[in-house]
Amino acid sequence: MKTVIIIPYRNRETHLNYWLENTYPLIKKAVPNVEVIVVEQTEGKKFNRGATINIGYLHYNNDENSYITQDVDVNPINDEIINLYGEDVKNDKFLGIYSDGRTLGGIVKFTGSTFKRVNGFPNDYWGWGHEDKDLSNRAEFYNCLIERKIKFEDSDKSKYLNIFQDNHVREDCGKWGLAYGIWDRVPDDQKKSYIESNGLSSLQYKVINEVVLMENVKKITVEI
Ligand code: UDP
Ligand code: MN
């Protein structure tokens with residue numbers, strides 16, 4: 001049984017190198033049996049964070065493992081947060097290690113079978129945002145327990161995290177309306193068929209390349 005850290009990735013080399021050199025060693029010390037998979041999306045389409053994380057899960061497709069989503073620009077720096085990476089998370093629970101109060105973005109830990117139960121992230125959120133709210137909607141639909149530790153909005157978060165700021169253009173994915181606006185009014189049977197038809201079970205992708213970056217760290221390049 002492993003803990004697999006999934007990093008959605010494209011074109012942020014400085015951040016990735018920083019994370020691998022400075023943050024990964026701290027995590028490795030605190031978390032037994034940890035592995036990292038960087039899922040790099042090829043150029044050509046808008047970035048798709050949800051689908052890249054889904055691919056990281058499918059690469060192992062092992063429900064005994066635990067998985068952690070890890071944005072490449074977010075670096076935990078103290079023991080309290082690093083130890084959360086090693087926390088045992090039971091089935092049907094999402095542990096928001098660093099997350100927005102309403103979503104499951106940022107750093108989130110769950111077991112493989114829980115991720116499979118909610119059919120992972122949606123695959124069609126191209127561009128920035130809201131796939132994290134969609135995941136949270138899925139978790140709530142299946143009555144999973146959601147626990148959030150450090151929140152995006154916490155004023156003391158710099159105690160726990162070193163977060164890179166950058167001036168990338170963030171092009172909204174255009175799905176705010178579904179994830180936040182109308183979801184609560186959608187009847188349960190429609191929610192269920194939406195979730196079941198859009199996620200791990202329906203994802204199409206091609207692995208273009210696979211390289212080992214360091215011990216227990218690999219990068220796969222994928223076309224979605
Ligand atoms: N990301 C990436 N390349 C991109 C866009 C996003 O590697 O062009 C990954 C990266 O892991 C990043 C995460 O997706 O940390 C979330 O994107 P971003 O940092 O732009 O979102 P924000 O922090 O503004 O929510
Ligand atoms: Mn970011």
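Both ligands and their constituent atoms are indexed starting at 1 by order of listing.
Taking every heavy atom of both residues into account, I27 and W19 meet most closely at CD1-CZ2, 3.6 Å.
The Mn ion (ligand 2) has D73 OD2 as its protein N, O or S neighbours under 2.8 Å.
Residues Y125 and H130 keep their aromatic ring centres 6.0 Å or farther apart. Taking the six-membered ring for Trp, F115 and F94 have ring centres at least 6.0 Å apart. Residues F141 and W183 place their aromatic rings such that the two centres sit no closer than 6.0 Å.
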Note every protein N or O atom lying under 3.5 Å from an N or O atom of ligand 1, pairing the names and giving the distance.
from	atom 1	to	atom 2	distance (Å)
ligand 1	3 (N)	R10	O	2.8
ligand 1	7 (O)	R10	N	2.8
ligand 1	7 (O)	R10	O	3.4
ligand 1	11 (O)	P8	O	2.7
ligand 1	11 (O)	V72	N	3.0
ligand 1	15 (O)	V72	N	3.4
ligand 1	15 (O)	D73	OD1	2.8
ligand 1	19 (O)	R12	NH1	3.2
ligand 1	19 (O)	D73	OD2	3.0
ligand 1	20 (O)	R12	NH2	2.9
ligand 1	20 (O)	R170	NE	3.3
ligand 1	20 (O)	R170	NH2	3.2
ligand 1	21 (O)	W128	NE1	3.3
ligand 1	24 (O)	W128	NE1	3.3
ligand 1	24 (O)	R170	NE	2.5
ligand 1	24 (O)	R170	NH2	3.4
ligand 1	25 (O)	W128	NE1	2.9

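Using the six-membered ring where Trp is involved, F110 and Y67 have ring planes that are parallel, under 30° apart on the 30 and 60° scheme.
One hydrophobic cluster holds both M214 and V72 under the rule that ILVMFWY side chains link at heavy-atom gaps under 4.5 Å.
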Please assess S113 against N91 for the test side-chain hydrogen bond (donor to acceptor under 3.5 Å, both in side chains), listing each intermediate value before the final yes or no.
CA-CA 7 Å; S113 55; N91 282 337; 2.9 Å; yes
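Atom CD1 of residue I37 and atom CD1 of residue I55 lie 9.5 Å apart, to the nearest 0.5 angstrom.
No hydrogens or angles considered: nothing links the side chains of Y194 and N137 as a donor-acceptor pair under 3.5 Å.
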